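Contents: one structure, followed by commentary.
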Amino acid sequence: MPVIKPTCIRDMKLRISLVDVISRVATLRRAGSRFKGLCPFHHEKTPSFHVDPDKGFYKCFGCGKSGDIFTFVRETEQLSFSEAVEALGQRFSIPIEYEEGAGPTKEERSLRQELFDLHEVAADAYHQTFRSKSPAGDFMRRYWEENRRFDPALAEEFKIGAAPASDEGLVAALWRRNYSEEALRQCGLFFIRDEAALSVQALRPRFRGRLMIPIRDHQGRVVAFTARQTELTPVEDPAHEAKYVNSPETPIFSKSHLLFNLDRARTQVNDSQPFVLVEGQLDAIRCWSVGLKSAVAPQGTSITEQQLILLRRYHQVVECFFDSDSAGQKASLRFLPMALKAGLEARFLSLNGAEKVDPDLLFLDRGLAAYEELKKQSLSAIAFACKTLLAGSEQASPEQNSRSLRGLFEIVAASESEVVRAGFLAEIANHLRLPPTAIQRDFSVFHNRSGNQRPSDTAPSENPGSDFRSSGVVSSETTPEHHLLYLILHFESLGKGMTQFLPHAWIDTSHLAGTLLNRFMLEIEHDDWPGRDHLDGLIETSEERQLIASMLFDQPTVDDPGKIAAEGIRMMRQRALEPRLRKIELDLAGLRADSTVDPISLIKERTELLRQLREPIGLPGTA
Ligand code: ZN
């Protein structure tokens, strides 16, 4: 944790007016040398909240809350002390000074500051384009209102923007402001044409012809963008196919540490209104538009532990509302143990009997009433897990039941609370109509056994080829594309490494798995992989959806996915390069003196092919 200098804190108290700080939240009226207003901390009809600007403190004679600028910001915005100091520094343009060696280095700090500033400017520029009478502005406003069916006022509230198809305006606007070369290189808004000295011409906007959604951190600062593909997205855009493109990770943006709309939602949660976790940013905006203001969404990736710990800081109950399709269910099941580990109480919103529930459409059609109905039918964490994992348990074989039970035990074990565990086990017993003592006994056995290592179903094999085939990696299909697709879905961290060893030309796109693999590798290459639970934007047909869903539902029992992936790539490489190699061998063998073919170049090509075929494929492990 960076330590802020005490002199800096004293200085801020002198320079920042308490009345200015409080006036953002409460209306104050002058009363002599003091100010009075309705208390922002408790409900009241006559003002008992007093502010003394000279002394720099406030006190409520109703509820007793009192403090200075820092306590006020901490309590109303749910920030830590140093976050409150930084937020105030940002708001009143006061540079924060850190103790020597305790904070980020001077360069890092000023780069971060520049990046925050640059993102505000960019968000403004995109928003102005959205509002402007220009082809891009007209189109995006129509798209917002007619295609997405959102209110224009909502675009103002979330500062929705438009990136024109050919945008030199943003480059020029940022260039004029004299940002450092480092800030322009690292902000993630541009592709840089060459590595030489930076010029206006070298900056090519990453986002073109897209609807721009500013992403704010929990302090409300714009740190990144999500860009929705539209008809204006140019075909030559390298990520043209991707429905959503995110800013890459930057010094101020880490996808796994950020939840969309948390800056607003955290001030809305209370005992009767917990957080609602939805899948996409536009889902969260839809919730907001109907008055469900505590919705947050992960940043185009699966939910992470860090995000849940962040949520836990503000409120301990979260209602999970994902798509009711199989990917959504799968995501919910993965979310559950993480939520328990983070100490969150999770509930699951679902509609009984509904085939498919899409949060966006549901709220669009029926508004807040739909939420009330969902809430009535919501399930506790373990009831949801039982329902999902024990579906059809009446007809299931004992082996299937014991596998489902193991899944449930894994979830139970994620909670550190004995009380929570006991409650869960009782509920499972109830579900299975078994005596609670039997379930408790089974759980103890499971828990003791899985103390250090998880039981594995397949013994590791020394032969990579047989490993590849017997790994449990899907049975009916045998193409390497199919296997690699399966691996990047279940071991997502493998994807990036695979892109380094697998050129697109080697992928056979004549079948479904190859088409999908090719598309996914492209996303991963551009750092736009949305995470396996958010593939909707990348899936185009129902066949594709079916294939992905069946793969996602499978429980992988793979010991060394990196090794298996390397074997798959090796097979594709052979398939791609060996025919040419054989042809060269034949040509060289049958070469006649009068041939026009140059043997030297053939030999060179053969050497190169042999080198490529022998090149080791070093994929990092995923453990
Ligand atoms: Zn009060």
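Because the structure is a prediction, the values reported are computed rather than measured. Note that these values count all heavy atoms, side chains included, but never hydrogens, waters or copies made by symmetry. One-based numbering, in listed order, for ligands and for the atoms of each.
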Strictly distance-based, threshold 3.5 Å: is any side-chain N or O of [X] a donor or acceptor partner for the main-chain N or O of [Y]?
| X | Y | answer |
| --- | --- | --- |
| R216 | V223 | no |
| E249 | K255 | yes |
| D52 | K55 | yes |

State whether F207 and R228 meet the cation-pi test: NZ (Lys) or CZ (Arg) under 6.0 Å from the six-membered ring centroid, and within 45° of the perpendicular axis. no

Under a plain distance cut-off of 3.5 Å, with no hydrogens placed, do Y314 and Q268 share a side-chain donor-acceptor pair? no

Using the salt bridge (Lys or Arg N to Asp or Glu O under 4.0 Å) rule, take E83 and R74 through it: C-alpha gap first, then chi angles, then the decisive distance, then the call. CA-CA 8 Å; E83 282 173 343; R74 284 187 69 176; over 6 Å; no

Strictly under 2.8 Å of the Zn ion (ligand 1): which protein N/O/S atoms qualify? C39 SG, H42 ND1, C60 SG, C63 SG

